[in-house]
Structure formats: structure tokens, C-alpha cells
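In what follows, a single structure is set out as C-alpha cells and then discussed.
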2 protein chains.
Amino acid sequence: MARVTIKDIARKLALSPSTVSRALHDHPDISRKTKDDVLNIARNLDYFPDTFARGLRKKHSSTIGIIVPEIRHDFFSSAISGIEEIAYSKGFTIMVCQSNEDWQREALNLRSLVANRVAGVLVSLSQTTQNIDHFSILDSQKVPAVFFDRTHKDVKHSQVIVDDFNGAKELVLYLLNKGYRSIAHVAGSDCVSVGRDRLAGYIDAHLEFGLPVDERLIISAGFREIDGRNAAKTLLAMPKRPDAIFAVNDPVAIGIYIVLKEEKIVIPDEIALAGFCNNPISALIEPSITTVQQPARLIGSTAANLLIERILHPDKEYPAVTKTLKTELIIRNSA
Amino acid sequence: MARVTIKDIARKLALSPSTVSRALHDHPDISRKTKDDVLNIARNLDYFPDTFARGLRKKHSSTIGIIVPEIRHDFFSSAISGIEEIAYSKGFTIMVCQSNEDWQREALNLRSLVANRVAGVLVSLSQTTQNIDHFSILDSQKVPAVFFDRTHKDVKHSQVIVDDFNGAKELVLYLLNKGYRSIAHVAGSDCVSVGRDRLAGYIDAHLEFGLPVDERLIISAGFREIDGRNAAKTLLAMPKRPDAIFAVNDPVAIGIYIVLKEEKIVIPDEIALAGFCNNPISALIEPSITTVQQPARLIGSTAANLLIERILHPDKEYPAVTKTLKTELIIRNSA
DNA sequence: CTGAAAGCGCTAACAT
DNA sequence: ATGTTAGCGCTTTCAG
């Protein structure tokens with residue numbers, strides 16, 4: 001049998017489609033009995049609304065668009081999971097796109113989401129996103145958005161981030177206090193907030209400790225495991241190797257870990273290693289990786305709640321807020 | 001400025017909306033010049049089609065729905081990533097739902113996707129899915145679907161799986177040949193294909209080897225890390241402990257690994273351990289985990305291609321096919 | 001409390 | 001090669 005529409009229900013009950021629509025939405029004008037009748041028939045016929053027809057009228061769907069660099073990374077899959085959980089509980093579905101760290105694809109993803117009339121958008125920027133001009137479509141189309149984790153200084157929307165600066169600073173101070181004096185930083189992109197802020201934390205820790213920063217020890221890499229591998233090779237080729245490495249995130253730390261292991265370099269005795277994220281894998285490898293805990297799921301759910309709040313009250317004024325969640329230094333065996 | 005519609009373009013060029021629509025879709029009847037004009041104006045005005053309006057007419061979207069047990073699990077996030085890649089390249093977007101291993105939520109997810117008029121659905125079943133009655137909506141609404149990885153014996157749609165039976169059998173034969181004589185199996189759900197087939201492979205390996213199966217060594221657990229932890233505790237409490245454990249998948253193997261480590265049991269000397277999936281983590285922990293390689297990304301992309309093929313040719317007869325991808329035994333240090 | 005009617009933006013017969 | 005018209009299923013004024 002074909003799809004059941006509101007008309008079918010109306011015909012069965014000798015009502016008008018508008019009454020059925022109202023009954024289905026629990027409109028106060030409709031009598032108890034009519035509502036019950038409609039609900040019953042709807043159930044019997046296995047009716048469900050056509051989101052296209054509804055969306056065409058209402059100008060938006062109950063879908064939340066998500067753009068992340070890579071679905072596979074534990075941080076992002078956890079964040080997506082947190083988003084989905086909230087979205088599901090509030091009757092939203094999620095549409096997921098991955099930019100593959102490519103800002104042009106990010107722009108295309110965004111257009112696609114807007115064309116799909118998503119109710120709002122959750123974004124974590126790609127590492128190649130130098131400016132955020134391609135997000136202007138959010139304003140012109142009045143699509144609410146919340147940026148999470150990887151954001152950009154020009155972002156005017158609400159954001160959910162962690163205190164990357166202090167998280168990194170605390171970690172690097174810990175390393176300095178432990179006696180490491182030649183700490184390399186394998187950095188991410190410096191357009192993207194987390195890359196910039198963690199680097200700033202690294203520098204500020206040195207400042208506060210009173211140790212000059214050796215610029216040569218700052219390697220511009222990226223956010224992926226492969227970037228860590230490459231950076232590790234660069235570092236190992238240096239005449240004077242660092243005695244510790246702070247990676248911008250755990251995937252990069254894992255990349256470094258793999259190369260160090262391959263080269264039979266003992267962690268932390270020869271070179272200490274620390275990351276940022278606290279991916280599950282970091283606790284399980286040996287030595288376990290000292291890192292900074294980032295509540296990925298919570299970041300996702302917080303961003304989702306913020307966005308849905310805005311979606312549900314489109315008229316209300318929502319000044320952009322920045323929610324900064326706490327990080328926690330996780331000391332393990334690698335540093 | 002508000003959203004640009006096809007009418008706006010039509011007005012600007014003194015054409016009818018239908019001509020514009022046809023020009024936009026490169027209809028052969030439309031003259032080169034008109035097409036160019038339309039395309040130009042469309043670009044200038046930053047036009048993009050309203051997928052609701054289009055979908056309402058065409059009865060479907062260019063969105064592919066995905067239902068997986070948990071987004072976070074590496075296997076599924078990899079599969080989703082593979083799906084997204086193919087979908088993106090063919091102009092589809094993906095809508096992702098997680099059942100959280102709960103068949104009722106799976107049913108709700110499915111309804112939601114159908115209500116969203118997805119062009120097709122890709123499903124990997126939850127571990128609590130005993131029967132697939134709730135998927136009948138796919139038939140009644142004529143939504144094409146492809147099941148991947150976790151499927152069910154009653155599924156009549158196309159499927160993309162690996163040869164779980166032989167993958168498991170090969171692994172268990174390897175263990176038997178290596179001298180293990182008391183191999184426990186921490187099993188998944190036996191309604192779900194991968195659980196059933198891997199168990200069958202485990203049993204058949206014993207049969208072929210000529211060693212009776214000790215039923216007490218088969219623990220019905222689940223597919224999650226926590227299930228592995230619980231099963232490990234059960235196994236360790238046995239009067240006669242097994243000398244090897246074959247976990248239904250790597251997350252479960254990791255759960256067991258953690259408990260064995262906690263209990264200071266040496267792997268593989270006291271108890272050997274093997275999994276199934278080849279999650280990245282399995283190669284990195286020590287001892288590294290012997291497992292069966294499952295091409296997660298490829299499973300996803302294969303399923304996506306199969307589905308899109310069907311979506312693109314709705315009239316063509318597509319008998320359900322089952323694509324069985326190869327597994328590979330990965331021998332490492334844990335067994 | 002319910003109905004009639006219009007229209008969201010697009011597509012596809014059916015004209016011309 | 002282009003225009004006219006109708007309608008997808010739903011919501012929402014406006015009427016009663």
C-alpha cells in the first residue's frame with residue numbers, strides 16, 4: 001500500500017485535512033474525541049508525516065547538520081555520538097558531513113546542509129580553513145549555528161570549546177617542572193583555534209617558567225596521525241633531539257609514538273611524549289600517554305543543546321555565548 | 001536577503017519557472033544560450049534548490065539513511081566514513097542514527113528516516129534485534145535498503161558482509177594448531193549474523209580439529225567492551241580457566257585484555273587472546289592482539305555503492321545480492 | 001470546534 | 001524551445 005496522508009485519515013473520519021493536522025499536533029481548539037479518533041486511525045493506518053511537505057511550509061526541518069573534519073577520529077565520533085543522543089531525545093535527526101580537512105569541501109558540505117534546510121548547523125573546522133568567509137551563508141539564510149572544538153577567531157556564533165590555552169600550559173608546565181628542558185611542540189594548523197591556543201599555552205608555560213622557547217622545536221604539522229609520524233621523523237633528524245614532545249592532540253601523539261617505537265627510542269627515558277584529547281587508546285598503549293582530558297561527548301551534547309535551544313525559540317534574542325569546558329591533566333607513563 | 005527561488009531567476013530573465021528548472025537540470029530541449037543565462041544568474045544570486053520542494057514532488061530526497069549500533073565504535077565510524085565518501089562523490093548526503101544496541105530505538109530510527117524520505121537505508125543491526133519485523137516498513141514504503149556487517153537470517157535485502165564463519169574458523173584452527181586446548185568463546189548476540197556465524201566457525205573449527213566443544217566455555221556476552229570485561233570476570237572465576245579466549249570482536253577483546261591486565265595475567269603465556277575486526281588499537285597495545293581483519297571502510301563503501309546503484313535505477317530489477325568480502329587472519333603477539 | 005482555500009518551491013505532463 | 005497548469009502533503013489564515 002502506498003503512503004498514508006493526512007487526507008486519508010480525514011476521509012476515513014469525514015473530517016477536513018486541517019482538522020486532522022490540528023488534532024495530530026494537539027491543537028487546543030480540537031475536541032478530545034476528535035483527537036482520539038484521529039490518533040487512533042493514524043496509528044491503525046501507520047501514518048507518519050511527510051517531512052518534505054511539512055518542511056516546505058515551515059521553511060525548515062528537524063534535522064541538525066554536522067560538519068567535522070573526519071568522522072573516524074575518536075574525538076569526533078564521540079562528539080557526534082553525544083550530539084545524536086541529544087538530538088534524538090528532542091526529536092531531531094542528524095545529517096553528518098566530513099570535510100576531510102579540506103575547507104573547500106567544508107564549504108560544499110555547508111551548502112548542501114543549507115539546501116537540505118537543516119534547522120541548524122554544528123561545525124568543527126578543518127585544518128585548512130584559513131578564513132570563514134564561506135560561512136556567511138549561515139547569516140544570509142538565517143541558519144543558527146554553533147561551532148565546537150575547532151573554531152576560528154572570527155567566528156561570531158556560539159561556541160563550545162575547552163580551555164586549550166590553559167590545558168596546554170598546565171601540561172607543558174608539568175613537563176618543565178619534571179625537568180624536561182627541550183620540549184618540542186608538534187603543532188596543528190595555526191588558523192584553527194585549538195592549534196593556535198595550544199601553541200600559545202606551550203609558549204606561555206615557557207615564559208612563566210623562565211625558559212626561552214626554541215622556535216626550531218615548534219613543528220607545524222596538522223591534526224592527523226600521519227602528521228605526527230612525519231613530524232617525528234623531522235624531530236629525530238635534528239642534530240640535538242628534544243627530550244620531550246608535546247603533540248597537539250592524541251592522534252598526532254600516536255603517530256609520534258609509532259615512529260619512536262620503530263626507532264627503538266625508549267619513552268619517556270630518551271624522549272617523553274604527551275598529547276591532548278585523551279583518546280581511549282592513550283590509556284592502553286605502553287607506556288600509556290600523558291595527555292589532557294577533553295570531554296568529547298559532553299562537548300557534542302552541550303553544543304547540541306545550545307543549538308536546539310536556539311532553534312526552538314527563533315524569535316528570542318540569543319547573544320552568542322562561548323562555553324568553555326574544563327580540561328584535566330592526565331598523568332600517565334609517557335611523560 | 002531571503003532565499004532565492006527558481007521564480008526569481010525566471011523573472012530576471014523573463015522566462016517561465018519551468019524553463020529555468022529545465023535549464024538547471026541540463027534538459028536537452030533548452031537552448032545553449034538560455035542555459036548559460038540561467039546558470040549565470042543562478043550563480044550571481046547564489047541560488048540553490050530547495051530540497052523540500054524537490055523532494056515533495058519527486059517523492060524522495062538525495063539522502064541516505066544509516067542506522068548503526070554505535071557511532072563511536074571504530075568499525076562503525078570507519079564504515080560511516082566509507083559511506084559518506086561514496087555518498088558525497090555521488091551527490092548524496094547521509095543521515096546517521098544510532099540504535100544504541102536497542103531494537104526499539106532501531107525501529108524508531110527507521111521510521112524517522114522513512115519520514116524524512118531518505119532515498120535508501122543502510123543498516124547494521126543492534127545486538128538486541130531478535131527479529132526484523134520492524135523493517136517491513138521498507139517494503140511497504142518501497143525504500144531500498146542494504147544491510148551490512150550485522151545482519152539477520154531473515155533479511156531479504158542485499159547485504160555486504162565478511163565471511164564471518166570462515167574468518168572465525170581459520171582463527172580458531174590457528175589457535176588449536178598452536179596447541180591451545182581449552183579455548184573460550186566470548187560470543188555476541190546469536191540473533192545477529194556475525195555473532196551466530198563466528199560462533200559457528202568456532203564450533204566447526206573444533207569439529208574439524210577433532211576436539212569436542214566444551215559448552216561451558218561459550219559465554220554469551222555482547223559486542224561492547226563492557227561485555228568483554230564482564231565475560232572475562234566470569235571466565236576467571238571458573239575452576240578450570242581456559243588457556244585461550246576468542247572474543248567475538250575487538251572491543252570485547254579489549255575489555256577482556258583490560259581485565260586480564262588488571263589481574264596480572266600474562267598474555268599469551270597464561271591465557272591467549274584473539275579478537276575480530278582489527279581495530280587500530282589492537283595493533284598498538286602490548287601484547288598486540290591477534291585478530292581477523294575486516295575491511296570496515298570498504299564494507300561501508302561497497303554497501304553505499306550497491307544502494308546508490310539501486311536508487312539511481314528504481315525501475316530496473318535488482319535481485320538481492322550478498323557481497324561477502326574477504327577477511328584476513330592477522331597474527332600478532334597475544335595468541 | 002471545524003472547514004475552505006491558498007500556497008510553500010519545484011517538476012512534469014500537456015500545450016504551443 | 002518555451003509556457004501553462006496542476007499538484008506533491010502539509011499548515012495556516014480566515015470564515016463560519
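Below, chain A is the first sequence line, B the second, and so on; all start at residue 1. Please read all numbers here as calculations on a predicted model, not as lab measurements. Side chains are part of it too, since the values below use all heavy atoms of this structure and drop only hydrogens, waters and symmetry mates.
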Q) Should B/E85 and A/N100 be marked as a side-chain hydrogen bond (donor to acceptor under 3.5 Å, both in side chains) after you check the CA-CA gap, both sets of side-chain angles, and the distance that decides it? A) CA-CA 9 Å; B/E85 206 55 45; A/N100 271 338; 3.1 Å; yes
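Counting to the nearest Å, the P atom of C/dA4 and the NZ atom of A/K7 are 13 Å from each other. Taking atom NE2 on A/H25 and atom P on C/dT2, their separation rounds to 17 Å, with Å as the unit. Taking atom CZ on A/F48 and atom P on D/dG9, their separation rounds to 12 Å, with Å as the unit. As rounded to whole Å, 14 Å separates atom P of C/dG3 from atom CD1 of A/I9. The nearest whole Å value for the distance from the CD1 atom in B/I6 to the C1' atom in C/dA12 is 12 Å. Rounded to a whole Å, the CG atom of B/D50 is 7 Å from the P atom of C/dG9. Atom NE2 in B/H60 sits about 16 Å away from atom P in C/dC10, given to the nearest Å. Following rounding to the nearest Å, B/F52 (CZ) and D/dT11 (C1') show an atom-to-atom distance of 14 Å.
In the set C/dT11, D/dC10, C/dG9, C/dT11 carries the atom at the smallest distance from any side-chain atom of B/R54.
Tested against B/F135 for a side-chain contact (heavy atoms from CB on, under 4.5 Å), the candidates B/D133, B/N131, B/I132 yield a single pass: B/I132.
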Short N/O separations, protein against nucleotides 2-4 of chain D, under 3.5 angstrom:
from: D/dT2; atom 1: OP1; to: B/T34; atom 2: OG1; distance (Å): 2.8
from: D/dT2; atom 1: OP2; to: B/S31; atom 2: N; distance (Å): 3.1
from: D/dT2; atom 1: OP2; to: B/S31; atom 2: OG; distance (Å): 3.4
from: D/dT2; atom 1: OP2; to: B/T34; atom 2: OG1; distance (Å): 3.1
from: D/dG3; atom 1: OP2; to: B/S16; atom 2: N; distance (Å): 2.7
from: D/dG3; atom 1: OP2; to: B/S16; atom 2: OG; distance (Å): 3.1
from: D/dG3; atom 1: OP2; to: B/T19; atom 2: OG1; distance (Å): 2.7
from: D/dG3; atom 1: N7; to: B/R22; atom 2: NH2; distance (Å): 2.7
from: D/dG3; atom 1: O6; to: B/R22; atom 2: NH1; distance (Å): 2.9
from: D/dG3; atom 1: O6; to: B/R22; atom 2: NH2; distance (Å): 2.9
from: D/dT4; atom 1: O4; to: B/S18; atom 2: OG; distance (Å): 3.0

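Look at A/R54 and A/D50 and you find no salt bridge, because none of the NZ, NE, NH1 or NH2 atoms lies under 4.0 Å from a carboxylate O.
Taking only side-chain nitrogens and oxygens, B/K59 comes nearer than 4.0 Å to OP1 or OP2 of D/dG9.
With sequence neighbours excluded, the residues satisfying side chain to side chain contact (heavy atoms under 4.5 Å, CB included) with B/A23 are B/I30, B/K35, B/V38.
Figure legend: B/R150 and B/F223 shown as a cation-pi pair, the cationic atom lying under 6.0 angstrom from the six-membered ring centre and within 45 degrees of its axis.
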